[in-house]
Enquirer: 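Take this structure first; my questions come after.
Throughout, protein chains are lettered first and strands after them, A, B, ... in sequence-line order, and every chain is numbered starting at 1. Model, not experiment: these values are computed from the prediction.
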Protein chains: 4
Amino acid sequence: MGGVLTVKNYANAKLVEEKVFKDPVHRYIHVRDQVIWDLIGTKEFQRLRRIRQLGTTYLVFHGAEHSRFNHSLGVYEIVRRIVDDVFRGRPEWDESERLLILCAALLHDLGHGPFSHAFENVFHTDHEYFTRRILLEDTEVNAILRKVSEDFPEKVAQVIEKKYPNALVVSLISSQIDADRMDYLQRDAYYTGVSYGHFDMERILRVMRPRKGQVVIKSSGMHAVEDYIMSRYQMYLQVYFHPVSRSAEVLLNNILKRAKQLNKEGYSFKHEPTHFKSFFEKNITLEEYLSLDEYILLTYFQYWMKEEDLILSDLCKRFVNRKLFGYTSMNPEEEPERYEELKTLLVRSGIDIEYYLYHDCTSDLPYDFYRPGKESPRIPIFLEKPNGEIRELSKESFLVDAIAGRIKTDHKVYYPKEILEDKNISVVLKERLQKVLRD
Amino acid sequence: MGGVLTVKNYANAKLVEEKVFKDPVHRYIHVRDQVIWDLIGTKEFQRLRRIRQLGTTYLVFHGAEHSRFNHSLGVYEIVRRIVDDVFRGRPEWDESERLLILCAALLHDLGHGPFSHAFENVFHTDHEYFTRRILLEDTEVNAILRKVSEDFPEKVAQVIEKKYPNALVVSLISSQIDADRMDYLQRDAYYTGVSYGHFDMERILRVMRPRKGQVVIKSSGMHAVEDYIMSRYQMYLQVYFHPVSRSAEVLLNNILKRAKQLNKEGYSFKHEPTHFKSFFEKNITLEEYLSLDEYILLTYFQYWMKEEDLILSDLCKRFVNRKLFGYTSMNPEEEPERYEELKTLLVRSGIDIEYYLYHDCTSDLPYDFYRPGKESPRIPIFLEKPNGEIRELSKESFLVDAIAGRIKTDHKVYYPKEILEDKNISVVLKERLQKVLRD
Amino acid sequence: MGGVLTVKNYANAKLVEEKVFKDPVHRYIHVRDQVIWDLIGTKEFQRLRRIRQLGTTYLVFHGAEHSRFNHSLGVYEIVRRIVDDVFRGRPEWDESERLLILCAALLHDLGHGPFSHAFENVFHTDHEYFTRRILLEDTEVNAILRKVSEDFPEKVAQVIEKKYPNALVVSLISSQIDADRMDYLQRDAYYTGVSYGHFDMERILRVMRPRKGQVVIKSSGMHAVEDYIMSRYQMYLQVYFHPVSRSAEVLLNNILKRAKQLNKEGYSFKHEPTHFKSFFEKNITLEEYLSLDEYILLTYFQYWMKEEDLILSDLCKRFVNRKLFGYTSMNPEEEPERYEELKTLLVRSGIDIEYYLYHDCTSDLPYDFYRPGKESPRIPIFLEKPNGEIRELSKESFLVDAIAGRIKTDHKVYYPKEILEDKNISVVLKERLQKVLRD
Amino acid sequence: MGGVLTVKNYANAKLVEEKVFKDPVHRYIHVRDQVIWDLIGTKEFQRLRRIRQLGTTYLVFHGAEHSRFNHSLGVYEIVRRIVDDVFRGRPEWDESERLLILCAALLHDLGHGPFSHAFENVFHTDHEYFTRRILLEDTEVNAILRKVSEDFPEKVAQVIEKKYPNALVVSLISSQIDADRMDYLQRDAYYTGVSYGHFDMERILRVMRPRKGQVVIKSSGMHAVEDYIMSRYQMYLQVYFHPVSRSAEVLLNNILKRAKQLNKEGYSFKHEPTHFKSFFEKNITLEEYLSLDEYILLTYFQYWMKEEDLILSDLCKRFVNRKLFGYTSMNPEEEPERYEELKTLLVRSGIDIEYYLYHDCTSDLPYDFYRPGKESPRIPIFLEKPNGEIRELSKESFLVDAIAGRIKTDHKVYYPKEILEDKNISVVLKERLQKVLRD
């Protein structure tokens, strides 16, 4: 790969004829740039077809089977419309940043692995770190980016990591109202079929303006932005934090945790976890990382359904056949005695609470919302008034202000609901369990 | 399993509270019957989540990642609306057939395997045969159906196989305008995002009437039916027969064919095709059949990318990384010399035409359309006039008549398009290839 | 009419075949009851076709040309779905109230006149009072209702007036989440084309439950209700309170006010305001009231464009040809000096501020929102928790709570913007005007 | 007005800020050109708000209350997208024609009067002739067009009349697939709520190409065009030719015919038909023509409900209160005896068949379809193949070919259906009527 040279004018090369992808959300996704076309064709980008956008959500909303490939094209398309239809020709916009932001938009999720949240929780990996490695190491994506210029891969990485000097460029994909959010809200709403998630993106795009170091929204578009914030709020509460989806996440988490533990204990797997070895050993090559997708993972789970370790096989069967844990609202910190009693009763029922009891908590902050654990704070939304004054959104919108500082953390405890009907457990024990679990 | 007894009143058992699934196509899918709820929870039905509705189409229309699980729920819902909202209370409708047709609707695709078309082509399996086996052998589905009555599994199988005596029941899921077609046209249009595939289903359902041995459509609804026929026509031409999707099918077909051949030759696989053994040997247990899904298949392909057999590894890399064959319009029967020349030139270029050249032909008959190869003729559409007279649709609609008998068979030849840019092949040879391939 | 007898079983008479109206919002409106069908055919109900649902809004949102006929059918259909699909068979629902609430839903806007708001403001009429008269006096509607029973017209009137003893029945068309609001939000959004106004009505209907004296919403549907409240909030701010629409209302108001004044002064109209005589004299027969619609009104305005009174003719020309007043944000109470200066400057410019200056103020209270001036407080929204506890919405939803008590009154002053470019007015005066008007 | 001078650069003047209209069909309508903005503000263009796009169709599809103002903006917007987004920069497109075609698109329906079809039938006027007069005589529209250049009004008239030398320009609003048709199909489908009328306009626009003297469609878009043709076919059959809408047209026609006859006979109207005088006398000034809109017309009808002439008053009551004629399928030429008998029976029942019997016939030719009576043949649709060959659509599409030459003329006879229940008519007579009318 070292031999790949920067190709003269490759950055500006246009396809003879524009290519279009039919997209249910944006109707069409338009590609004129040779670089973008080539990037889409790489195996690293095609791999995103094998990773679902919403992880386990399809187990609640059966329509949500769409992949990150879908979403990545969508984010690219939104940014393309902003820079080509809205920003082009405006003095504050530097046309030479165009290809950079298009590439960053397209590739921003490149490092995601299967079921990232659970996976990263157990193996302490970081998809942003792997995005950087895919951009900079020996990959098809890197080869293409280097044909633009030697430092282009690094620049793309910086934009995605929010470290690129021109914050205006960064903010297009990393702010409270960036192309990433605008795509996923609409896309996830479309595939799940929920009626939330709709807002007038066309209006928002039309009132976006490039300013030094940031994007502003003309204040005439404030209500469209409020609508977007409300959509986001509803999507988080209704879809992203759905407890049944989190219940499936708990299973995933515990399957991986169990496999890791068994490996540590020297357990002899019938079906060797070859793909996981480097994760167990925390020494992961890029090739190993890229070889792991949801197809591989679900194949392992199907194999492991036949392992002799009863915990691993049971958890895998549960995930594959969708026999999920039940749940109840409970905050162990607020109700320590109730939680302790639950633990005691489960242990007395023969349950290994290490793998069959899980306390999960999540937060919902509609406006300055940060996805659990992973992401650093985002640039807020700024409105520009007709007189040029710039004000942060919550200062202007009483609706947004009302919800901006509000945190509502939801605590749930997950457990195997079948025990309540297990004939081997005494009626008394079951009654006590039922009482402590009653929501 | 032998111990499962028919449960008294299980057939009529209702859930305490109706369950709903959010569905992007039908908005909500409603379940009141305990039997239906239990069937959805079986591992055989959940397995349909791991088989895509449109096979390789997602490689052209990236939104088309939806599974057969989705579609099966949709067919159930349409039938439910017909029997509960339209047929109920009409003298020609026997309410005792209700649960039977609901179960048949839900389970009609149960025997589908991964990428059925290519798979069945290479291994000569038949998804309808396996549907029967899943219904009748030792499965979770069978256990539930038997709780209704001992002969209930057989009856469900008969309805799906179009052999059940009451043809009215059969026709709800197997006629030219059945719930199966009405769901998949709308669903596939929704997920691909194409603007075809829409028709006024609500109107059609409202004018459906049960008659002895068949469903009729009140003639006042003829134009809605015409619109449905036209949608179907467009969906076949634009989506189902898309040549790029067929190109991916060709790869699939040839991967399986190569693996089968290698096995026959005693090739030593690095990654043993354990799941395929029984298919190679034509002695397939139900468990083996059910264990195979698209996740497993794509995992094999990823393993086989590293096989020493260059054909197998290349074809697998092509499929996984979406480096598809090119194609040109060509009918070998009509242009035998052109086809022969193409073969000669490919061989001279070092291509193994057994695996790298493929002639594919398809037909499109909008009205009395049969999906390639697999299905037997369907019951046509009958209109009932106000005076009670019943007329076959094409006798009344000049639009349908105009396209009913028309066949337009499309012939394409698929080949590895990279050879046209291969530096190892002489310019003269490439020019000749280009000439013969020119569309 | 006195001879109309109660027809035996007329209340239960069903059409031989259900009639359907194609409706863009609810897809189809279904009519099975003979009484409903007959009511729709009356001239009083057909008259609603000649009165727009949104008054002058079509001068801002050109799509909003739909009539109250549209909306009335829609409200009927929503109520029909509630009582037939959700309430039927539930112990708290008294099926004998069904026809009553259907009629009340259909007829609730019967007394509306053209551009009700401005009209009622000038002539001190009241559409609710006329609804009662149409129901009870000698009309086609009354004749039909009396065929049900002698006291049926009175009962329908009571439901519409919120005085009927069974508050559950009343609440279906008069509460914070009644069929009236659910129809107009969706309908007005559809015809204007704005992206607000959408919410998941199907979900809300499904979780509505009849309780003693009220409708409750199962708490599982809270988020759908929040979404409805937010839609309503946005529709008020974006559509119903749009200042350009209010500007047209100001013209309307002043045209009527001027005509009234001229009549009082004994002005000799070229085109006699025959239809207005009884309004001027506050002695309105029902026939006179019903003869006035938007067609008649706009015909008068076109005639009056040629009146010699310059104020009347100018205001009419402005309305007919859409040469509306401009506006600026100004609260005379908060800025009394600014307002006084504006008045002074306008007078010095030769403007008759009685007809060319208007202070308009409106309020927006999303949750406990009352349409300006006319309507009494509505029944709030109650959620029913799984344990049967009933809680008012804002106690459960922090989102609704956040906006429930908030009032944001918007003050605007309307004036003829052409003066700023009038060559007959001195530059100094115009500059001072510009300064005081600057928003 | 003679003093209006061509304003330098007015043709190129842009608004400081783009104006947008919210449109339910095209989402937004964008205006940047000062000329277009000024034209929209003229009283002649605003008058189109008072003329419905679909005449009497709202009496069948209650949603169809939209005006020609709506549609005119829509046609403008489609043309704007074609020339600005698709044609701009292509060598075959002459940018200097841009403003001309935008104006022609916006103004193409300017001469339409109320319920044009019936009106023109009775008074032998011609809306195209009046469009020319509005463009060229002393109007606000003319004043604006002349500011562009002295001959600009004439050029706009020529484009609308299909006489402009550059047929490419003409074809954008007058061909088988022009902006006029594309707007009204979608718009009428939207407001009626029917599910027909949808096609992928975005795709069609993207494959339109300017060629010498015509627009061509790249053959890759053929199926989208087929879909458009099918939509059109369904819209004609289901909406435009709906017999109930035609029944209302018959009433309109006969009201006007009766008023004309009464005037001829010297009948003394209680409410003088002032607005009609010039039409009766065939000496129509432009001012008189423009003063007549649907508001004025319906006001006359309401006045005439009280005329002493029983025919006029009855027909007016019928129209205003929607008591329409019934109809039966009957072609007097094919069934002369049946028709004669019907006439005889009606006369014997005391019916004046001059005003109460009407034979109406219409044709439906989907592809080369001409709206009844008024329009000359349109330019057909041409496809351009990849090799540059141009083929007429029906030569390439077997679907279009199948319906292109097909004519299905529908004959209906309209009559007052109440006579079948008239107690004053003998049972024998009614039975004979029933028999002859039986469909």
Side-chain angles (χ1 to χ4, degrees), chain A residues 185-186 189 192-206 219-243 328-329 364-367 385-387 394 396-410 438-439, chain C residues 185-186 189 192-206 219-243 328-329 364-367 385-387 394 396-410 438-439:
Chain A
L185 289 178
Q186 293 179 87
T192 55
V194 299
S195 56
Y196 325 109
H198 302 293
F199 54 91
D200 191 349
M201 184 177 79
E202 191 174 338
R203 173 95 181 125
I204 292 175
L205 297 192
R206 279 176 44 80
S219 61
S220 61
M222 185 180 84
H223 291 295
V225 176
E226 286 181 334
D227 210 36
Y228 154 85
I229 294 286
M230 291 300 128
S231 291
R232 195 166 125 186
Y233 168 81
Q234 292 280 25
M235 285 299 288
Y236 273 88
L237 258 64
Q238 302 301 302
V239 176
Y240 302 140
F241 288 165
H242 198 290
T328 191
S329 288
D364 50 69
L365 288 103
Y367 176 49
K385 307 187 94 171
N387 64 11
S394 68
E396 291 289 302
S397 161
F398 88 89
L399 198 58
V400 172
D401 183 47
I403 60 172
R406 306 284 291 257
I407 303 174
K408 188 184 151 205
T409 305
D410 181 43
R438 187 165 299 132
D439 208 345
Chain C
L185 289 178
Q186 293 179 87
T192 55
V194 300
S195 55
Y196 326 110
H198 303 293
F199 54 92
D200 191 350
M201 185 177 79
E202 192 174 338
R203 173 98 180 121
I204 292 175
L205 297 192
R206 280 176 43 82
S219 61
S220 61
M222 185 179 84
H223 291 295
V225 176
E226 287 181 333
D227 210 35
Y228 154 84
I229 294 286
M230 290 300 130
S231 290
R232 195 166 125 186
Y233 168 81
Q234 292 279 23
M235 284 300 287
Y236 273 87
L237 258 65
Q238 302 301 301
V239 176
Y240 302 140
F241 288 165
H242 198 289
T328 192
S329 287
D364 51 68
L365 289 102
Y367 176 48
K385 306 186 95 171
N387 62 10
S394 68
E396 290 289 301
S397 161
F398 88 86
L399 197 58
V400 171
D401 183 48
I403 61 173
R406 307 283 292 255
I407 302 173
K408 189 184 152 206
T409 306
D410 180 44
R438 188 166 297 134
D439 209 345

Enquirer: Rounded to the nearest 0.5 Å, what separates atom CZ in A:Phe199 from atom CD in C:Gln234?
Expert: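 The CD atom of C:Gln234 is 13.0 Å from CZ of A:Phe199, to the nearest 0.5 Å.
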Enquirer: Atom OH of C:Tyr233 and atom CD of A:Glu226: how far apart are they, to the nearest 0.5 Å?
Expert: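 Reported to 0.5 Å precision, the distance equals 4.5 Å.
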Enquirer: Looking at CZ of A:Arg203 and CD of C:Gln238, how far apart are the two atoms once the value is rounded to the nearest 0.5 Å?
Expert: 8.0 Å
Enquirer: Taking all atoms of both residues into account, what is the closest heavy-atom pair of C:Asp200 and A:Ser195, and its distance?
Expert: CB-OG, 3.1 Å
Enquirer: At a heavy-atom separation under 4.5 Å, does A:Glu202 approach chain C through its side chain, its backbone, both, or neither?
Expert: neither
Enquirer: So, taking the atom named CG in A:Asn387 and the one named CZ in C:Arg438, what distance separates them when rounded to the nearest 0.5 Å?
Expert: 11.5 Å
Enquirer: Nearest 0.5 Å, what's the CD1-CE distance between C:Ile229 and A:Met230?
Expert: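 Reported to 0.5 Å precision, the distance equals 13.0 Å.
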